[in-house]
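Counting begins at 1 with the first residue of the sequence. When a ligand or atom number is given, it counts from 1 through the structure's own listing order.
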Amino acid sequence: MSRRIVIAGNWKMNHGPSDAQDFFRRLELPAELPDGLEVLVVPPALSLAAALDADTSGGRVAFGVQNVHWEASGAFTGELSTGMVFAAGASHVLIGHSERRHVFGETDEETGWKVRAVLDAGLNAVLCVGETLEERRVGRLEEVILRQLDAGLGPSRESGSLHSSRLLVAYEPVWAIGTGETATPADASAAHSLLRGRLMARWSADSFDAAEVPILYGGSVKPGNVAELLAAPEVDGVLVGGASLDPDSFGQIVAAGVERLQE
Ligand code: PGA
C-alpha cells in the first residue's frame with residue numbers, strides 16, 4: 001500500500017456560511033496534489049453547503065462534519081444522522097473529539113456506536129483519542145488512549161463494519177489542543193506506535209488491514225511545526241484546529257503534506 005498523508009482542518013464552532021465561502025475563495029492549493037494526499041475540511045454543519053459551493057478544487061478537498069448521532073432518525077433535537085451527512089455532501093465524520101468528550105460528556109460507549117453508524121453508512125470515521133495532562137503526568141497515557149481506541153472500535157474484530165479504508169484515528173493529547181503546546185515528534189511517535197500496535201494486535205483480520213489505518217496527530221499544529229511532525233515515524237497526517245481557520249496557513253500546511261509525500 002502506498003503512503004497516505006491526510007491534512008485535515010477542524011473549524012470547530014468557527015466560520016459561518018459567508019466566512020466559509022470567503023475561506024474557499026482565498027484558499028490556494030498546490031497546483032498538483034499528489035496521489036496519496038488527502039485534504040479534509042470539517043466546517044460547522046451549517047456552513048457545509050456554503051463551503052461545498054465555494055470550493056473550486058474539483059473534488060480534491062473532502063468535507064466532514066464534527067459529530068453525528070448513531071440513530072437513523074427520530075426525536076433527537078440538535079443532532080444529525082449519518083444519512084443527512086451523506087446527503088449533504090460530506091464524506092467524513094469526527095468522532096470523540098476531546099471537546100465532545102470533555103465539554104459535552106460524550107462517553108467511550110457512544111463513540112463506539114457512532115463509529116459503527118458512520119462506517120455502516122459508507123462514510124469515513126475519524127476516531128479521536130487523547131489523554132489529559134493529568135493522565136499523562138500520572139503515567140496513564142497508554143491505558144487511556146488504548147481504552148478509547150478499543151471502545152471506539154467496538155467489541156470485536158468479528159465486526160463486519162470495520163473497513164480499513166474508511167477508518168482513521170487521530171491522536172490529540174488534550175493538553176496540546178488550542179494551548180500552543182505541541183507534543184514533540186517523539187511524543188507523537190510513541191503514542192502512534194502504541195495505537196498502531198493495538199490496531200494490529202486486536203483488529204487485523206482478513207477484511208481489515210490495520211497497517212493501513214492513517215493515524216493523524218492533532219494539537220497546536222501550525223505551519224511552523226507541521227514538517228517535523230509529519231517527518232515523525234507513524235504520523236500519517238495532521239488534524240488542525242486554530243491554524244486551519246486561515247486559508248494561508250492551511251494552504252501552507254497542505255503544502256507541507258505535499259513535500260512529505262514527495263520525499
Ligand atoms: P488546535 O486544535 O490545532 O487548535 O490545537 C486541534 C483539534 O482540536 O483538532
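Using a 4.0 Å cutoff on heavy atoms, G219 counts as a contact of ligand 1. At least one heavy atom of S220 sits closer than 4.0 Å to an atom of ligand 1.
V61 pairs by the side chain to side chain contact (heavy atoms under 4.5 Å, CB included) definition with F24, L29, V39, V41, D55, S57, F63, not counting sequence neighbours. Applying the ring pair (Phe, Tyr, Trp, His ring centres under 6.0 Å) rule to W70 yields the partners W113; only residues at least two apart in sequence or on another chain are considered.
Nearest to atom 3 (O) of ligand 1 among the protein's heavy atoms is G241 N, 2.8 Å. For atom 7 (C) of ligand 1, the closest non-hydrogen atom of the protein is E172 OE2, 3.2 Å.
Nearest heavy atoms, G9 versus S244: CA-CB, 3.5 Å. Closest of all the heavy-atom pairs between P223 and A243 is CD-CB, 4.4 Å. Among all heavy-atom pairs drawn from Q262 and P34, the shortest one is NE2-CG, 4.4 Å. Scanning both residues, N67 and L80, for their nearest heavy atoms gives O-CD1, 4.1 Å.
Residue L239 approaches ligand 1 through these ligand atoms, each under 4.0 Å from one of its heavy atoms: 9 (O). The atoms of ligand 1 that sit less than 4.0 Å from any heavy atom of G178 are 1 (P), 4 (O), 5 (O). Under a 4.0 Å criterion applied to the non-hydrogen atoms of A176, ligand 1 contributes the atoms 5 (O). When each atom of ligand 1 is checked for a heavy atom of H97 under 4.0 Å away, the hits are 7 (C), 8 (O), 9 (O).
In terms of N/O distances under 3.5 Å, ligand 1 is approached by G242. Residue contacts with ligand 1: K12 is placed with a nitrogen or oxygen under 3.5 Å of a nitrogen or oxygen of the ligand (distance criterion only).
Heavy atoms of N10 found under 4.0 angstrom from ligand 1 belong exclusively to the side chain. Contacts with ligand 1 closer than 4.0 Å are made by no heavy atom of S98, backbone or side chain.
At least one donor-acceptor pair under 3.5 Å links the side chain of R101 to the backbone N or O of C128. Although no hydrogens or angles enter the test, the distance criterion places no donor-acceptor pair under 3.5 Å between the side chain of W11 and the main chain of L245.
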